[in-house]
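Have a look at the structure below before the remarks.
Predicted model only: the values in this text are computed from it and were never measured. First listed ligand is number 1; within each ligand, the first listed atom is number 1.
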Amino acid sequence: PAEKRERAQELHEILQRANYQYYVLDNPELPDSEYDRRLRELQELEREYPELVTQDSPTQRVGAEPLSSFAEVRHEVPMLSLDNAFDDDELLEFDRRVRDRLNSKDPVEYACEPKLDGIAISLLYRDGMLERAATRGDGTTGEDITQNVRTIGSVPLRLLHNGVPKVLEVRGEIYMPKAGFAELNKKAAEAGEKTFVNPRNAAAGSLRQLDSRITAKRPLQLCAYGVGLVEGATLPDRHTEILKQLNRWGFRINSEMAEARDIQACIEYHKKLGEKREQLPYDIDGIVFKVNEIGLQRRLGFVARAPRWAMAYKFPAQEEMTE
Ligand SMILES: Cc1ccc2cc(C(N)=O)cc(O)c2n1
């Protein structure tokens, strides 16, 4: 029935756009009641005409049958950790090493972003459709948590617009905002269930669920921070431009992201964010600074475990969570 297929397609687009506005841009345009009404209409249509169900349908976000275990995933491009700096001098030394290695007397531009305290994951898209999501694991081998990740509103099930790469691997951090964490613990305490010590543990515990219907009820967010494997496309040649492209394709990126023209501006950025850390709606444990020019990143390469072109400047550990 052609008109049913058209109606389903129309509902897809309305719900997908509403989802993007709400979860990625923090700028809801459709009232929840409207969203729910249209979702129910689409669920009705799909029940009547199962051939209308597609992998990227908004109805596919509610979670599926529980798994018995998680499959292993091998990262073709290793997911590396970051070198740490603990004071201004160590950050200045990082910049000196970068400029020495690049044999550059000019200042190097850096990309700045808060280091979210969550779980790093890899999302693989083939022809624009989400194919698999995996944890970082040991950097080379992680766990396939696709079922759970599909339930997260800010994870695109299909890349927006056309002209997307044949293969695109997006890396990001899954985290639980402070408000969602407090709400989750309040409900757990009222129900006599165990509470989580901090948002990072709550996010990790929510992703480790073999029953994705439980994950679907947890207030998780994805913030994209980079790319891994890319085939069939040329991405921008600056990290901040790549992140903006990811945002256009449907990914949430961090609103505090900024460019710093030199390492002194990075120190000022770190100080500024340190002062507003408590007000941020999510936990961070530092700032990630990256050489912004991708060409320079390539020339700098990696040492054993971490890129020579990136540094995480950590904040002092917050006092342990009080009960
Ligand atoms: C390369 C790399 C590795 C881990 C990262 C982790 C975060 C984070 N936790 O927000 C942000 C980044 O830009 C990262 N970048």
### Summary
So salt bridge (charged side-chain N to carboxylate O under 4.0 Å, His left out) across residues 53-64, not counting sequence neighbours, yields D56-R158
### Task
Could you note down all residue pairs passing salt bridge (charged side-chain N to carboxylate O under 4.0 Å, His left out) where residues 189-204 supplies at least one of them, sequence neighbours left out?
K186-E190
### Query
Are any of the side-chain heavy atoms of R74 and T140 separated by less than 4.5 Å?
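Touching, per the 4.5 Å side-chain cut-off.
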### Query
Contact residues of ligand 1 with a heavy-atom cut-off of under 4.0 Å?
L80, L82, E113, P114, K115, L116, E173, Y225, V288, K290
### Message
Enumerate the ring-ring contact (aromatic ring centres under 6.0 Å, His included) contacts for residues 242-265, please, sequence neighbours excluded, ordered by first and then second residue.
### Response
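Applying ring-ring contact (aromatic ring centres under 6.0 Å, His included) to every pair that reaches into residues 242-265, excluding sequence neighbours, yields Y125-F251.
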### Side-chain donor-acceptor pair present, S154, Q221, cut-off under 3.5 Å
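Looking only at side-chain atoms, Q221 and S154 do form a donor-acceptor pair, the distance falling under 3.5 Å.
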#### Entry: Geometric class of the F289/Y269 ring pair [parallel <30°, tilted 30-60°, perpendicular >60°]
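If you compare the ring of Y269 with that of F289, the planes turn out perpendicular.
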